[in-house]
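Single-structure report; data block below.
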Amino acid sequence: MRYWLLKSEPSTFSIDDLKQKGSDHWDGVRNYQARNFMRDEMTPGDLALFYHSNANPPGIIGIAKVSKKGYPDHTSWDPYSPYFDPKSSPENPRWFMVDVEFVEKFPRLIPLEELKGFKELENMTLLQKGSRLSIQKVTKQEFDFITKL
DNA sequence: GCCAACGTTGGC
DNA sequence: GCCAACGTTGGC
């Protein structure tokens, strides 16, 4: 059982979108480190903090659960997709995605600014300087601490 | 809209 | 394999 943090811009895909759909594939990730997490490590049943980036304010808004392990991201070979990558093909997929399902939306968004104030979270990837990774590992301690806020 | 930090590309 | 140039992320 692992814990993750998934970033999404709410103007593109928000927790409410996930809630409404129930589950969805986490497509469009075009970063190798994040891809490797999805392809190699994310397992059905893992829980993820849902983070709204480029939001006002940015912060953690809920929980999602991995519902399907990594498989090729078909948007990467769709020339009409904004995530198209000519170097990816069905025969030789470069990018992967997982499916996630809605678990919970918090009664309030926990702002990034607030998270920065907790000593318990000082080592969180999210709070490290220059951290842009869209899929991050979270420790059980961090996950439990945040879900109790 | 600005810009710092980071990742990728491609010439050499 | 180096590294400059460029593109993207994401907070502010």
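Residue numbers begin at 1 in each chain, while the letters A, B, ... track the order of the sequences. Since we're looking at a predicted model, the values are computed, not measured.
- When the nearest nucleotides of DNA chain B are assigned to A:K87 and A:G130 by heavy-atom distance, the more 5′-ward of the two goes with A:G130.
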Side chains of residues 99-110 of chain A: which donor-acceptor pairs under 3.5 Å do they make with residues two or more places apart or in other chains?
from   : atom 1 : to     : atom 2 : distance (Å)
A:D99  : OD1    : A:Y71  : OH     : 2.5
A:K105 : NZ     : A:D16  : OD1    : 3.0
A:K105 : NZ     : A:D16  : OD2    : 3.4
A:R108 : NH1    : A:E114 : OE1    : 3.0
A:R108 : NH2    : A:E114 : OE2    : 3.0

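- No option in A:W95, A:F37, A:F96 other than A:W95 meets the ring pair (Phe, Tyr, Trp, His ring centres under 6.0 Å) test with A:Y32.
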Could you go through nucleotides 4-8 of chain C and list every protein N or O atom that sits under 3.5 Å from one of its N or O atoms, giving the distance for each pair?
from  : atom 1 : to     : atom 2 : distance (Å)
C:dT8 : O2     : A:R132 : NH1    : 2.5

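- At whole-Å resolution of the value, CG in A:N54 and P in C:dT9 are 9 Å apart.
- Ring planes of A:F50 and A:F13: tilted class, angle from 30 to 60°.
- Using a cutoff of 4.0 Å between basic side-chain nitrogens and carboxylate oxygens, A:D144 and A:K140 are scored as salt-bridged.
- Ion pairing of A:E41 with A:K137 is present here, as a side-chain N (NZ or NE/NH1/NH2) and a carboxylate O approach within less than 4.0 Å.
- Taking atom NE2 of residue A:H52 and atom C1' of nucleotide C:dC12, one finds them 19 Å apart after rounding to whole Å.
- Of the residues near DNA chain B, A:S131 and A:R94, the one whose nearest nucleotide (by heavy atom distance) lies more toward the 5' end is A:S131.
- Side-chain N/O atoms of A:K7 include none lying less than 4.0 angstrom from OP1 or OP2 on C:dG11.
- C:dT9 atom P lies 12 Å from atom CG of A:L133, rounded to whole Å.
- Between the CD atom of A:Q128 and the P atom of C:dG11 there is a distance of 14 Å, rounded to whole Å.
- Nucleotide C:dG10 holds its P atom 10 Å from the CG atom of A:L126, rounded to whole Å.
- Heavy atoms only, all atoms of each residue included: A:P10 and A:S53 are closest at CD-O, 3.1 Å.
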(message) A:R30 vs A:T75, test: side chain to side chain donor-acceptor pair (under 3.5 Å). Steps then yes/no.
(response) CA-CA 11 Å; A:R30 297 291 177 267; A:T75 65; 3.1 Å; yes
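- One can place NZ of A:K129 at 16 Å from P of B:dC3, the figure rounded to the nearest angstrom.
- Rounded to an integer number of Å, the gap from CG of A:L127 to P of C:dC12 is 11 Å.
- When the P atom of C:dG10 is taken as reference, atom CZ of A:R30 falls 15 Å away, rounded to whole Å.
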